**Student:** 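So that we are looking at the same thing, I have put the structure below in structure tokens.
All values below come from the heavy atoms of this structure, side chains included, with hydrogens, waters and symmetry mates left out. All of these numbers come straight from a predicted model, not from anything done at the bench. Order of the sequence lines fixes the chain letters, A, B, ..., with proteins taken first and strands second; residue numbering starts at 1 for each chain.
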Amino acid sequence: MAKRQPTLPRRVVADESKGPLENSIFFIATTILSRRNLPRRAVAGVSGGPSPDRGRTVEGDRHVDERIDLPPAGPTAPCGGRGRRGTIPVPNPSDRPPLPMFEPVRGQPDFPSLEASIAAWWREQGIYQKSLDRRRGAKRFVFFEGPPTANGLPHPGHCLTRTIKDLYPRYRTMRGQYCERKAGWDTHGLPVEVEVCKELGIHSKAEIEAYGIEPFIHRCQESVWRYMKEWETLTERIGFWIDLSEAYVTYHQSYVESVWWALAELFDKGLLYQGHKIVWWWAQGGTALSSGEVGQGYKEVADPSVYVAFPLLDDQGRPTSRSLVAWTTTPWTLPSNQFAAVKADLTYVVVREVGAADATDYVVAEPLAAGLAEKLKKEFEIVERLPGSELVGRSYLPPFDTFRPAGPPATALLASGRPEPVAWRVVAADFVTTDSGTGIVHIAPAFGEVDYTVLVAEQARFAPGEGPSLINAVAPDGSFTDIFGMGSGRFVKDCDRDISRDLRSRGLLVHQEQYVHDYPFCWRADSDPLIQYPRQSWFIRTSQFREEMLANNARIDWLPEHIKEGRFGNFLETNVDWALSRERYWGTPLPIWVCEQSGRAEAVRSYADLLAKPGVQGTDRFARAKASNPGLSDDLKVHKPYIDAVTYDSPFAPGARMRRVTEVIDCWFDSGAMPFAQWGWPHSGAADFEAQFPADFISEAIDQTRGWFYSQLAISTLLFGSAGRPYPHPFKTCIVLGHMLGEDGQKMSKSKRNYREPAEIFDRYGADALRWFFLAGQAPWTSIRYSERAIKESVPEFLLRLWNVYSFFVIYARIDGFDPGSLLAEPGMLDHADLALARGWRAVEDRGELDRWMLSELNAVASAMTSKMDAYDHFGAAQQLSTLVDAVSNWFVRRSRDRFWASGRADGGPETNAEKLDAYWTLYETLLTIARLAAPFVPFTSEAIWRNLAGAAFSGRAPESVHLTDYPSGNVALVDRDLVRRMAVVRDVASLGRAARSAEKLKVRQPLSKVEVILADPRADDAAWLEAHADLVCDELNVKQFEVCGEPDRYITRAVLPDLKKLGPKLGKDLPRARDALARMDATALLHALATAGRAEVPLAGGGIAVVENEDVLVRTTAKPGWAAAEGPRAVVVIAKELTPELIAEGLVREVVHAVQTQRKALDLEFTDRIELGFETDSALLRAALETHLDSLAGETLATSVTFGPIAGGAIEALDIEGHPLRIHLRK
RNA sequence: GCGCGCGUAGCUCAGUUGGUUAGAGCGCUACCCUGAUAAGGUAGAGGUCCCAAGUUCGAAUCUUGGCGCGCGCACCA
């Protein structure tokens, strides 16, 4: 049990003397003590310089060292006389050492401008380069930058990726690895061409060619760098350390040649082939798209959906009254109809409208007949039922006679020699389903992959050369050819309406409706719908490598894990050959030269390879261009149109020339080749490539699943899979980031303006605020709602709190002369061991408990953060860090205030107060370590802290940047787990005490006589420890006395609960009975038995005995009703709610003090302004209370005089103090 | 349609191999502090852990089936 010291006021009063006063005036001349310890300064006036953040001197703030006794006067006892003198450290400039070692810190940090100056300093000092230099030769941490395209503006999503991409390399560098970060730019492809077209006000390929490919390419190359400035600004502003000066660029000659090498390898292995396929075709752009690109452009749209009658023909080829009904959502494909497909084993019905004598009979699949009737709002009767197989072979009239001559069906000879109609005939196909439509599928082989397979199958049935050929009424530009006059020259989708109208006029349109579905559009020109279209295209045989790619995928560490088996795995499972070629202009030219005579082809691996060919001609095309425009980039010589001009002698046919195919390639191949192409490998950079493949770490958003993640894996697997490399997969760990959403939770969209530009966020809150929001706000793979409010709120929670602690430290260190630079000659890296060499440094075991606790927490967190970061869990690590900063701010600093305010100095000189110095060393070490722990997360703020605490203090002897230090991994020797646990108990007790007060409506201002605590588990030996910390608890809870309760049974009941996690596996089904038995047993006896014997037997209802050991049970404590108690898992806290007159009086006085303070604040008084007070009250009780505590009251409020009665010229406030009326007069 | 993910406090989100009283921040209410001060702190209220069934001694957590949302896919003719 410990007695609480009386609460002593902490404020000082001036030493101005007043003359003798009237009866009712009390003259206060005593300096009221603020500390229990010795006077702060030995000599009056030695109180330090100006508060550095305030910068003003306070007149009359000298310390009073002599005690002035009050004259006994008035009806009440005089105040004063109790306690000792002390002062507050209100600083005075004249008596401070002139050289404060830490720069003063602004209490209101301006993070944006702070960051700007740090970014500039990094640049000037080359800190990034230095961070690499100090790790040269160390184990590498390989990072690949997925190239963004500089051709568009950076948006918030890029801020996230750049933050994550910065975090891990910074962390690993601090951990001792060597991590070069090479930037890269994706520069080819449609996006660029689209931009240039917009600029020129043109759209189609014809217009580009009319403009001229050569100037067009020049514009593309310039356009690539349009937003370079913005990208560079963003990169520096967000603190993304990457080497932009050495960036790889996909259009550079060396990069292109690496890609050529890769393609040549594939060609030589037979993995690159030209095929005639139905592809997704961007008609306006005149090129095919790969599945990755198509996937980017799906939109939900409503298309016309038509049910069309195909009249069946009889054996003589004459129309009958029966019609097949086919369904399609692409009416524009009907003119190119070639077959109708049914499922052979499906039942079809012939239906006729009830009561309509001349109606046509419709043939549909039976399960869909009712649905069709409903759509038509007609009643049908079934005339006939037949299997699909009976329909097969029947001829019909296509909806348009585009390709069909009038008259009976034309026939050709089958392979068997029998004639059969070539087209417009019912065929059987397995893919026909009854999910939608009519069960009869309109087949237009030009516009669908399965349709095309039908044609191929049909062709195979006929004698060679006899079968159906592909019919197609659509030109590559997406318009109908003249063969379909109605739509000639118009874009096919624009003709849908006319087609329906025409069908209706001829009685062939059975039904029409809108059909809502997802349909692909061009990913760069999103108003251009794609169409399926037959094209010659170059493909990579990726589908042959499905198993290898899956095996490589299995070895990638995906975060989140489900990407591996889920989205990415599924994508690989359904892999199709990569449609590689693009019939465009600005891209890596496909390095295949074809013999103009024999058609045989070969691939070229480099420009030099090409120049070495026999009879090379055409290189002068570029030379001439260069001559007339010396500024022309040499890289363009491997681009269209220059490369197309280069020809050479064919090795396949004498006298023939080899000419390059016209296509360029999919720019995703460029990005996927990045692991080697960034070095120009294999033509150059062998050492770099060998050292930096595969990547340890990459990270991009989930939309790269079939983009960069796939292109890298596919290329790596195909090229290196059999080469015996340990990792054919190009990256070991990949963090897949979630999508970023706008303020409203919807997709971010420029037009909706539902997000703030990054620049705006940087200017308002700073890059660290944004980084912390990303890193500590949520798991990185959840979709992040990018809201200004959330970013703003993330600032006070962590950054500001850390800053406040830092600023607190600096303010007081300056006052007390704590100067590590003068105490420590060789700071090293300012690790614990380095600090131990300092003068005045005491070993941790010799310091106070709070210090030992702080360093325990610090090192425990450092070690936890390290293991989390090693496992790429920055979110968990950030939470640890946040909790640590909270512990520093809300426990260490709060509980250490006494020491910081104590008398004595912290400069290692004769006046040094050792406990105070301990507090400084502890907080100093803690802040330095936190700066290092936080450095990868918030590189600017931690740098600012480091540069002051370590840089300024040691004038360059310590590492100049926090990023040039090692990451603290935690010193186990400094972690006292018991202490950490027990301190948590104290904090619990304090918190429970407040809760108990709150429940009883006993505000903390009201002093209470006693608080008792009952620890939940009496077996723990924390009780004595806790009792030894009574002062602390009393102080926190404003009570006079604290004890660990000796008679817990008065207040609480104990219950012994099974530790389910331990007993569950042991007892299984018996668990509920054991639990019941435990509940019924006498807890005290049981606990006693466990404590002595270590085990107890618990008889179970219905027979049997469970043996319970000490660690199998937990104790729960419940407060009995009637007490002011609060219970938590670890303790119950009971407060004495009885109030004695003395306590009430003290409480009332504190209320009055509070009222006066509020008034002071309302009057805008400086905190050092002296006041005169007058009290008027009818309450004898209140007056008595005030009189009793007049000294402390005056001290707290800096009153030089207190009068009972009005005073002239003062501010007046009428109040009710706990039911007692009071008028307060206050005069400055 | 298929696949993946998500659904927890008014809002934004945590919740580690299933375990006893489900957490944080913001907002709200009350309070404290006024020597970090246009800051800071404490406490409280607030929950059908989307619904249902199942597995289990025990489910926010595992399984199945719904519902809702997001994303992805494509033989949506």
**Student:** At under 4.0 Å between heavy atoms, what does A:R567 touch on the DNA or RNA strands: base, sugar-phosphate, or nothing?
**Tutor:** base

**Student:** Using only modelled atom types and a 3.5 angstrom limit, is any donor from either the side chain of A:R801 or the base of B:A36 paired with an acceptor on the other?
**Tutor:** no

**Student:** If we take the P atom in both B:C57 and B:C76, what is their distance in whole Å?
**Tutor:** 49 Å

**Student:** Tell which nucleotide pairs with B:U55, taking only Watson-Crick or G-U wobble pairs whose two distances are both under 3.5 angstrom.
**Tutor:** none

**Student:** A:A995 near the nucleic acid: base, sugar-phosphate alone, or nothing, with a heavy-atom cut-off under 4.0 Å?
**Tutor:** sugar-phosphate

**Student:** Please name the pair of heavy atoms, one in A:D816 and one in A:F900, separated by the smallest distance, quoted to 0.1 Å.
**Tutor:** OD2-O, 3.4 Å

**Student:** With a 4.0 Å cut-off on heavy atoms, is A:R997 in touch with a base, just the backbone sugar-phosphate, or nothing at all?
**Tutor:** nothing

**Student:** Could you run down the sub-3.5 Å N/O contacts of the protein with nucleotides 55-60 of chain B?
**Tutor:**
unit_1 : atom_1 : unit_2  : atom_2 : d
B:C57  : OP1    : A:K1069 : NZ     : 3.1
B:C57  : OP2    : A:K1069 : NZ     : 2.8

**Student:** Is there a ring-ring contact (aromatic ring centres under 6.0 Å, His included) between A:F809 and A:F102? Walk through the geometry before answering.
**Tutor:** CA-CA 10 Å; A:F809 169 83; A:F102 300 122; 5.5 Å; yes

**Student:** Minimum heavy-atom separation for A:A341 to A:A429, with atom names?
**Tutor:** CB-CB, 4.0 Å

**Student:** Students often get this wrong, so: under 4.0 angstrom with heavy atoms, is A:V450 touching a base, only sugar-phosphate, or nothing?
**Tutor:** sugar-phosphate

**Student:** Under 3.5 Å, side chain of A:S896 to main-chain N/O of A:A919, donor-acceptor pair present?
**Tutor:** no

**Student:** Are OP1 or OP2 of B:C33 and a side-chain N or O of A:R1150 less than 4.0 angstrom apart?
**Tutor:** yes

**Student:** Quick one: which protein N/O atoms are closer than 3.5 Å to N/O atoms of nucleotides 14-17 of chain B? Pair and distance per line, please.
**Tutor:**
unit_1 : atom_1 : unit_2  : atom_2 : d
B:A14  : O2'    : A:Q879  : NE2    : 3.2
B:U17  : O4     : A:K1061 : NZ     : 2.7

**Student:** Protein-nucleotides 6-11 of chain B N/O pairs closer than 3.5 Å?
**Tutor:**
unit_1 : atom_1 : unit_2 : atom_2 : d
B:C11  : O2'    : A:R789 : NH2    : 3.2

**Student:** Is A:R894 near enough to B:A36 that one of its side-chain N or O atoms lies under 4.0 angstrom from OP1 or OP2?
**Tutor:** no

**Student:** Hey, are A:E1036 and A:R994 close enough for a salt bridge, meaning a charged N less than 4.0 Å from a carboxylate O?
**Tutor:** yes

**Student:** Between A:F310 and A:H442, what is the shortest heavy-atom contact and its length?
**Tutor:** CZ-CB, 4.1 Å

**Student:** With a cut-off of 6.0 Å (strictly less than), are more than 12 heavy atoms of other residues, nucleotides or ligands near CD of A:E788?
**Tutor:** yes

**Student:** Can you name the nearest heavy-atom pair linking A:F875 to A:A776, along with the distance?
**Tutor:** CE1-O, 3.3 Å

**Student:** What does B:C71 pair with, Watson-Crick or G-U, if both distances are under 3.5 Å?
**Tutor:** B:G3

**Student:** Heavy atoms only: give me the nearest A:I440-A:V325 pair and the separation to one decimal.
**Tutor:** CB-O, 3.4 Å

**Student:** Using a cut-off of strictly less than 4.0 Å, decide whether A:T328 has a side-chain nitrogen or oxygen near OP1 or OP2 of B:A77.
**Tutor:** no

**Student:** How do A:D451 and A:T574 order along RNA chain B: which one's closest nucleotide is nearer the 5' end?
**Tutor:** A:T574

**Student:** Quick one: side chain to side chain contact (heavy atoms under 4.5 Å, CB included) partners of A:R567, sequence neighbours excluded?
**Tutor:** A:I702, A:T705

**Student:** Between A:T333 and A:I563, which is nearer to the 5' end of RNA chain B once each is assigned its nearest nucleotide?
**Tutor:** A:I563

**Student:** Taking only side-chain nitrogens and oxygens of A:R706, does any of them come within less than 4.0 Å of OP1 or OP2 of B:G3?
**Tutor:** no

**Student:** Tell me: CG of A:L884 to P of B:A24, nearest whole Å?
**Tutor:** 18 Å

**Student:** With side chains defined as the heavy atoms from C-beta onward, is the minimum distance between A:F892 and A:V805 less than 4.5 Å?
**Tutor:** no

**Student:** Classify A:S991 by what it touches in the nucleic acid, base, sugar-phosphate, or nothing, heavy-atom distance under 4.0 Å.
**Tutor:** sugar-phosphate

**Student:** From CD1 of A:I531 over to C1' of B:C76, roughly how many Å is that when rounded to an integer?
**Tutor:** 18 Å

**Student:** Which nucleotide in the set B:U34, B:C76, B:G41 lies at the smallest distance from any side-chain heavy atom of A:W327?
**Tutor:** B:C76

**Student:** Provide a list of protein-nucleic acid N or O atom pairs under 3.5 angstrom, restricted to nucleotides 67-69 of chain B.
**Tutor:**
none

**Student:** Rounded to whole angstroms, how far apart are CD1 on A:I440 and C1' on B:C76?
**Tutor:** 18 Å

**Student:** Could you list the donor-acceptor pairs under 3.5 angstrom formed between side-chain atoms of residues 876-889 of chain A and any protein atom two or more places apart in sequence or on another chain?
**Tutor:**
unit_1 : atom_1 : unit_2 : atom_2 : d
A:T883 : OG1    : A:Q879 : O      : 2.8
A:D886 : OD1    : A:R801 : NH1    : 3.2
A:D886 : OD1    : A:N890 : ND2    : 2.6

